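Working notes, structure below.
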Amino acid sequence: MSTYLIGDVHGCYDELRALLAQVDFDPQQDTLWLTGDLVARGPGSLDVLRYVKSLGNCVRLVLGNHDLHLLAVYAGISRNKPKDRLTPLLEADDADELINWLRRQPLLQVDEEKKLLMAHAGITPQWDLETAQLCAREVEAVLSSDSYPLFLDAMYGDMPNNWTPELSGLARLRFSTNALTRMRFCFPNGQLDMICKESPESAPPPLKPWFKVPGKIDSDYTQIFGHWASLEGKGTPEHVIGLDTGCCWGGTLTLLHWETKQYYVQASNREQAMAESAVSAHPPLSDTP
Ligand SMILES: Nc1ncnc2c1ncn2[C@@H]1O[C@H](COP(=O)(O)OP(=O)(O)O)[C@@H](O)[C@H]1O
């Protein structure tokens, strides 16, 4: 009965299966937490969704910005960017089923027994846990309703970037989505900065990584997030754990075994795939003049 937490899979299906094989993952006994961004960039988004959906109740995942973008592309609201490698998924016979399952997944996971919280980007310092749960539930309700395309259409954009309980309607939903799925840096008052993508060391003052701005979540909780591959899991306070280690960029896929606090990593297949495609693109020596 183990709890495994894995960072952003981003379509790296083979690496996901290899990592789960390393720990003898047993879907009948174990629980698998996934930090979101299951899809895009890596080659196997379709297989990842099929596999994770097939695992049923042993999975606790959260949606990431790329998962939301997929929903918008499938709804005809946003453009399918070739670098996301989503076409096989968009054209699959079971795409409808997969998309309808995906849009019913949460944006925040809370386990009171284990004192574990998980959101793709993290929990903005402007929210206490009750507000985070309320705001996540509001987005989840609209995403699982029939009017979800209206929300996806209004989701893009960086404003508003400051939480007040008076926020309402689509602006409130946009704030909550940005806070839970896209946030990296905040101003010292906790206001979101949606522009900076630098490393924490090179970010312009007064920006700080969200987890360095004093927040309102009790430090009894461990907060798990993904989204920020360039951190390589480093630089967070003890009770905040970043699990995205950039598998789709040639990094690794990281798993944390919660009960033992042991980490496992699986190297990306990307370098190998690129080397193989370079070899097959090269003309046979006998053909060269
Ligand atoms: N509210 C939103 N505003 C802007 N982009 C969004 C939003 N939600 C999802 N996205 C998607 O998130 C992805 C962001 O990609 P990018 O800016 O490269 O960041 P990342 O580092 O997460 O890959 C794009 O596919 C974009 O369409």
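When a ligand or atom number is given, it counts from 1 through the structure's own listing order. The model shown is predicted, which means the values in this text are computed figures rather than measured ones.
- Ring geometry for W127 versus W163: interplanar angle over 60°, hence perpendicular rather than tilted (30 to 60°).
- Within the 4.0 Å heavy-atom cutoff, T177 does not count among the residues contacting ligand 1.
- With respect to atom 19 (O) of ligand 1, the closest heavy atom belonging to the protein is K197 NZ, 3.0 Å.
- Ranking the protein heavy atoms by distance from atom 4 (C) of ligand 1 puts R182 CZ, 3.4 Å first.
- Of the protein's non-hydrogen atoms, the one nearest atom 12 (O) of ligand 1 is N65 ND2, 3.1 Å.
- The distance from ligand 1 to the heavy atoms of H227 drops below 4.0 Å at these ligand atoms: 22 (O).
- In this structure, S78 has no heavy atom closer than 4.0 Å to ligand 1.
- The closest approach between a heavy atom of R174 and any atom of ligand 1 is not below 4.0 Å.
- By the 3.5 Å distance cut-off applied to N or O atoms, D37 is not counted among the residues near ligand 1.
- Using a distance-only test at 3.5 Å, with no hydrogens or angles considered, a donor-acceptor pair links the side chain of N178 to the main chain of G157.
- Looking only at heavy atoms of the protein, atom 23 (O) of ligand 1 is closest to H66 NE2, 2.7 Å.
- The existence of a salt bridge linking D111 and R60 is confirmed by a sub-4.0 Å separation between a basic side-chain nitrogen and an acidic carboxylate oxygen.
- Atom 5 (N) of ligand 1 has as its closest protein heavy atom Y156 CD2, 3.6 Å.
- Using the six-membered ring where Trp is involved, Y4 and H257 have ring planes that are tilted, between 30° and 60° apart.
- Proximity to G157 (heavy-atom distance under 4.0 Å) selects the following atoms of ligand 1: 3 (N).
- Scanning all protein heavy atoms for the shortest distance to atom 24 (C) of ligand 1 gives K81 NZ, 3.3 Å.
- Between F225 and W210, the ring-plane angle classifies as perpendicular under the 30° and 60° cut-offs.
- Using modelled atom types, one side-chain atom of D8 and one backbone atom of H227 make a donor-acceptor pair closer than 3.5 Å.
- Summary of contacts: the protein heavy atom closest to atom 21 (O) of ligand 1 is R184 NH2, 2.8 Å.
- We find the CG-OG1 distance between L5 and T254 to be 11.5 Å, quoted to the nearest 0.5 Å.
- Annotation: the span from L98 atom CG to Y74 atom OH amounts to 9.0 Å, rounded to 0.5 Å.
- With respect to the salt-bridge test (charged N to carboxylate O, under 4.0 angstrom), the residues K115 and D218 do not qualify.
- Polar contact with ligand 1: present for M155 (N/O pair, distance under 3.5 Å).
- Here the protein heavy atom with the shortest distance to atom 27 (O) of ligand 1 is H69 ND1, 2.8 Å.
- In this structure, a donor-acceptor pair under 3.5 Å is present between the side chains of T245 and T252.
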